[in-house]
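Not measured: the values here are computed from a predicted model.
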Amino acid sequence: MFKHAIICAALIVPPYARAADATQAAPVPGATHPAPPAAGQNRISGVVRNAAGTPLGYAQLSLQSAGGKTVARTVSAADGSFAFAPVPAGRYSVLAGKTGFRTATSPVSVTSGAAHADITLVSTQTQEITIVATRLEQARNGLSTKTGGSSYQFSQSDIAKLPQGNNTPLNQVLLQAPGVSNDSYGQIHVRGDHGDIQYRINGIMLPEAISGFGQSLDTRFAQHIDLLTGALPAEYGFRTAGVVDINTRTRFEGGGNIDLYGGSYGTFNPSIEYGNTKGNVSYFVNGSYLTNEDGIQNPAPTATPLHDRTQQQKAFGYVSYLLNPSTKVSFLAGSYDGTFQIPNNPGQTPDPNNLGILAQMGLTGYDSATLNDNQREVNRYAIAAVQSSLSDSFDYQAALFTRYSSAHYMPDVTGDLVFNGVASDVFRSSATSGLQTDGTYYLDSAHTLRMGLFASNENVVNDNTSTVFPVTSGAVSGPAYTIVDNSSHNGNTLFGAYLQDEWKATDRLTVNYGGRYDHVNTFFDNEQQWSPRLGLVFKQSAATAWHAGYARYFTPPPTELVPSAAVAAFQNTTNAPLVTTNDPVKSERSNYFDAGVTQRLTSATSMGLDTFYKRSTNVIDEGRFGQALIMTPYNYAEGKIYGAELTLNYRSGDFSGYANAARTISKAKGIISSQYLFDPATLAYAANNWVNVDHEQAVSATLGGSYLWSGTRWNANVVYQSGLRNGFANTGTLSATAVRHLVLRERLA
């Protein structure tokens, strides 16, 4: 299926200034200011940044000739970029200034074509604060290591260059990395695993949220986003298919943005943000609202979804305070609320199993286009952290965290009874609190020790009110009635601890070795494991680097998704399972191998190749069973995943582009828990055959580029996925999808 290209424009209005066009030179009285350049004419472009390397928007720039005459003026865009065009050949000076910063000058010579002039503005605030903040950020980065695995980073500038810019949902950002795919509900899968994604903010792991349709984390507050995959170092545990670490912006220039984004399917997405740094205090807040008529993938073969409206609100706040040159305390909090209409598929047959439901309800028919199923999702999280140094050789970060997550499926009782024989009102919630500490000890020039621990306590609620019909001899035998299956389970705990050494064996070879201990104790599972880790990076030359790694993984089931499943209560009803076995879900255990190489081909071009192999027991998978679209986990006895990824990147002047491709095989065998979710034929087939898991994307690819031309940034990308598995025991394949975006973005005065 091909979705139509989305063509839209972003309106950005800084509340503190009225700016000229972001990159089109503004006329100066008495100066010559020709029309926009034709092909082949000269131009000067660049980026304005602060001393920490962060792009500065809305800086005032002027272009002076060799004789000191101002010939043009402009204002940098939100991403710091600017351009003067057309420009005759000659020698010039670009002057830049902004409130709170010292004026800076950059000389540039124009001969033919494009000339580049980046400018760094130094804040007039106390430089000691900047130095301390930079040192603390470096120390925080030193608490994390990436040796041995595969790492992909999306900077604030990279996100701004995507077609949707800072409005890009987090899952759409991650899709630009190789081996990342998403399903029809927007859930991310990395390298053939189902979910198993760990989300961190500033290195602090967030407790797992209940899987839903919306993206509870935003990209607007990110300085950069790291995606780590493969054989990870010992500090990463529990959720290990991919680690998404969002590093927040920490210093701000005293201003904000109001952004209005819109597009097809009635998309309306306004947002607002403001941040400032005053002395030792930095703070930032943002909020956004999204509504459209394409909240969940359309199940019908129509261009316009039916009953598919979504409304989503997000908010985020961050504040930090420098207690002294080596200590910073910070607090951040975020919230997400989303409502989703469940899209309808017209033309469905009522009572498909001919159980006599219509007659029992006094109906002669029912139009599936009129169904009114809905789902509401809530996410709240907060983190309080202190980062400090005990000495010049020991840095640490300690944090307290909490998260609340819930999903509530609200059925159209009459309609669901007509088409499914059951209408389930399902509510699941999770409230988790805990602590995390990480430390780095610089033993000597060759050894860096890292250690830490994580502990959490989770309380879960699982309420299910199902309306069903009694069944006798294969037919409905009475009016509908409700079965209430409510439960709560408190005191579910996770504990993990690790120790590792990053050893610079030679100038070219770095070895990271260590291990971790993990323990899970929940209402259905009590297990533990010691896990060794080993990673190597060999820099063959300035242009070539090899990496390889091994990791033993321990993955507990998502406690918040495990239902009580009172199977016996539904016997002799229209919701009776064909299989009554319900063995408890277990923790997955696996061995992971990863190896790859990166190569810089030219100063502007680089490429990488990565291969991976994973062998597991008690493989955790999840599925949406019944009409309630909330995930339920189960285990396969064994599984294997293997594949390869190829990346290519190009960046030169005003143009940047990338291309990624991945081939993944993900198979499993023998369903050994939650068997009641399946029919006997599927269980028998999976017991004797390797099954392609339903979230497998055999082939995925992304292609994208960004070009700044005459004050307008053109962005385009394509995301291709070969199709998820479907049908009996996942022996079929859905159609391939290719989603294309083409967007032009120009800031208006």
Subject >> Side chain proximity check, Asp594 to Ser150, heavy atoms < 4.5 angstrom >> reply: yes

**OP:** Output yes when a side-chain donor or acceptor of His224 lies under 3.5 Å from a complementary backbone atom of Phe154, and no otherwise.
**Re:** no

Original post:
What do the steps show when you test Gln312 against Tyr336 for side-chain hydrogen bond (donor to acceptor under 3.5 Å, both in side chains), and what is the final call?
Top reply: CA-CA 7 Å; Gln312 303 173 47; Tyr336 167 85; 3.1 Å; yes

**OP:** Determine yes or no for a side-chain-to-main-chain donor-acceptor pair under 3.5 angstrom, with Thr291 supplying the side chain and Thr310 the backbone.
**Re:** yes

Subject >> Residue pair Glu273, Phe284: steps toward the side chain to side chain contact (heavy atoms under 4.5 Å, CB included) verdict >> reply: CA-CA 7 Å; Glu273 64 179 47; Phe284 173 79; 3.9 Å; yes

**OP:** Drop me the distance from Tyr720's OH to Gln697's CD, to the nearest 0.5 angstrom.
**Re:** 9.0 Å

Subject >> Pair Gln198-Tyr236, side-chain hydrogen bond (donor to acceptor under 3.5 Å, both in side chains): steps then yes or no >> reply: CA-CA 9 Å; Gln198 177 182 146; Tyr236 302 107; over 6 Å; no

**OP:** Kindly compute the distance separating CG (Leu232) from CZ (Arg533), expressed to the nearest 0.5 Å.
**Re:** 6.5 Å

Original post:
More than 12 heavy atoms of other residues, nucleotides or ligands under 6.0 Å from NZ of Lys504: is that the case?
Top reply: no

Original post:
Does any non-hydrogen side-chain atom of Phe268 lie less than 4.5 Å from one of Leu260?
Top reply: yes

Original post:
Of the non-hydrogen atoms in Thr555 and Arg239, which two are nearest, and what is the gap between them?
Top reply: CG2-NH1, 3.1 Å

Subject >> Heavy-atom closest contact (Gln721 atom, Val180 atom, distance) >> reply: OE1-O, 4.4 Å

Original post:
Any side-chain heavy atom of Phe82 sitting closer than 4.5 Å to one from Thr74?
Top reply: yes

**OP:** Look at the side chain of Ser76 and the backbone N and O of Ala59, then say whether any donor-acceptor pair between them is shorter than 3.5 Å.
**Re:** yes

**OP:** Working to the nearest 0.5 Å, report the span between NZ of Lys614 and OH of Tyr642.
**Re:** 15.0 Å

**OP:** Indicate yes or no for a side-chain donor-acceptor contact from Ser666 to the backbone of Val693 under 3.5 Å, with no hydrogens or angles considered.
**Re:** no

**OP:** Give me the one residue out of Ile159, Asp218, Ile225 that meets side-chain contact (heavy atoms from CB on, under 4.5 Å) with Leu170.
**Re:** Ile225

Subject >> Separation between CG of Asp694 and CD of Glu622, rounded to the nearest 0.5 Å >> reply: 10.0 Å

Original post:
If you take all heavy atoms of Leu703 and Ala659, which pair is closest and at what distance?
Top reply: CD1-CB, 3.7 Å

Original post:
Between Thr229 and Phe612, does a side chain to side chain contact (heavy atoms under 4.5 Å, CB included) hold up when you go through it step by step?
Top reply: CA-CA 10 Å; Thr229 66; Phe612 54 92; over 6 Å; no

Subject >> Donor-acceptor contact below 3.5 Å, side chain Asn247 vs main chain Ala222 >> reply: no

Original post:
Can you tell me if His547 uses its side chain to pair, donor with acceptor, with the backbone of Leu536 under 3.5 Å?
Top reply: no

**OP:** Any chance you could measure Ile201, atom CD1, to Asp245, atom CG, to the nearest 0.5 Å?
**Re:** 9.0 Å

Original post:
If we only count heavy atoms from C-beta on, is the Ile119 to Leu121 side-chain gap below 4.5 Å?
Top reply: yes

Original post:
Got a sec, which residues hit salt bridge (charged side-chain N to carboxylate O under 4.0 Å, His left out) with Asp158, two or more places apart in sequence or on another chain?
Top reply: Arg651

Original post:
Mind checking whether Phe221 and Phe316 have parallel, tilted or perpendicular rings, split at 30° and 60°?
Top reply: parallel

Subject >> Met607 and Leu646: CA distance, side-chain angles, deciding distance, side chain to side chain contact (heavy atoms under 4.5 Å, CB included) verdict >> reply: CA-CA 7 Å; Met607 68 176 298; Leu646 180 67; 3.7 Å; yes

Original post:
Heavy-atom distance under 4.5 Å between the side chains of Ser45 and His116, does that happen here?
Top reply: yes

**OP:** Using atom types as modelled and distance alone, determine if a side-chain donor or acceptor of Thr647 lies under 3.5 Å from a backbone N or O of Pro178.
**Re:** no

Original post:
Is a side-chain donor or acceptor of Asn715 paired with a backbone partner of Ser706 at a separation under 3.5 angstrom?
Top reply: no

**OP:** To the nearest 0.5 Å, tell me how far Tyr553 OH sits from Asp193 CG.
**Re:** 9.5 Å

**OP:** Walk me through it: do Asn717 and Thr702 pass the test side chain to side chain contact (heavy atoms under 4.5 Å, CB included)?
**Re:** CA-CA 7 Å; Asn717 75 343; Thr702 55; over 6 Å; no

Subject >> Heavy-atom closest pair, residues Gly230 and Arg191 >> reply: CA-NH1, 3.3 Å

**OP:** Write down the atom of Thr240, the atom of Asp196, and the distance for their closest heavy-atom approach.
**Re:** N-OD1, 3.2 Å

**OP:** With salt bridge (charged side-chain N to carboxylate O under 4.0 Å, His left out) as the test, would you mind laying out the steps for Asp259 and Arg220 before giving the verdict?
**Re:** CA-CA 11 Å; Asp259 187 275; Arg220 292 180 177 87; 5.4 Å; no

**OP:** Taking the side chain as every heavy atom from C-beta outward, state whether Thr598 and Asp610 have any pair of such atoms under 4.5 Å apart.
**Re:** no

Original post:
Checking Asn292 side chain against Tyr265 main chain: does a donor-acceptor pair fall under 3.5 Å?
Top reply: no

Original post:
Nearest heavy-atom pair of Ser590 and Ser616: which atoms, and what distance?
Top reply: CB-OG, 3.1 Å

**OP:** Check whether any side-chain heavy atom of Glu502 sits under 4.5 Å from a side-chain heavy atom of Asn512, and report yes or no.
**Re:** yes

Original post:
If only atom types and distance count, is the side chain of Asn660 paired as donor or acceptor with the main-chain N or O of Gly179 below 3.5 Å?
Top reply: no

Original post:
Just wondering, do Lys314 and Leu290 contact through their side chains at under 4.5 Å, heavy atoms?
Top reply: no

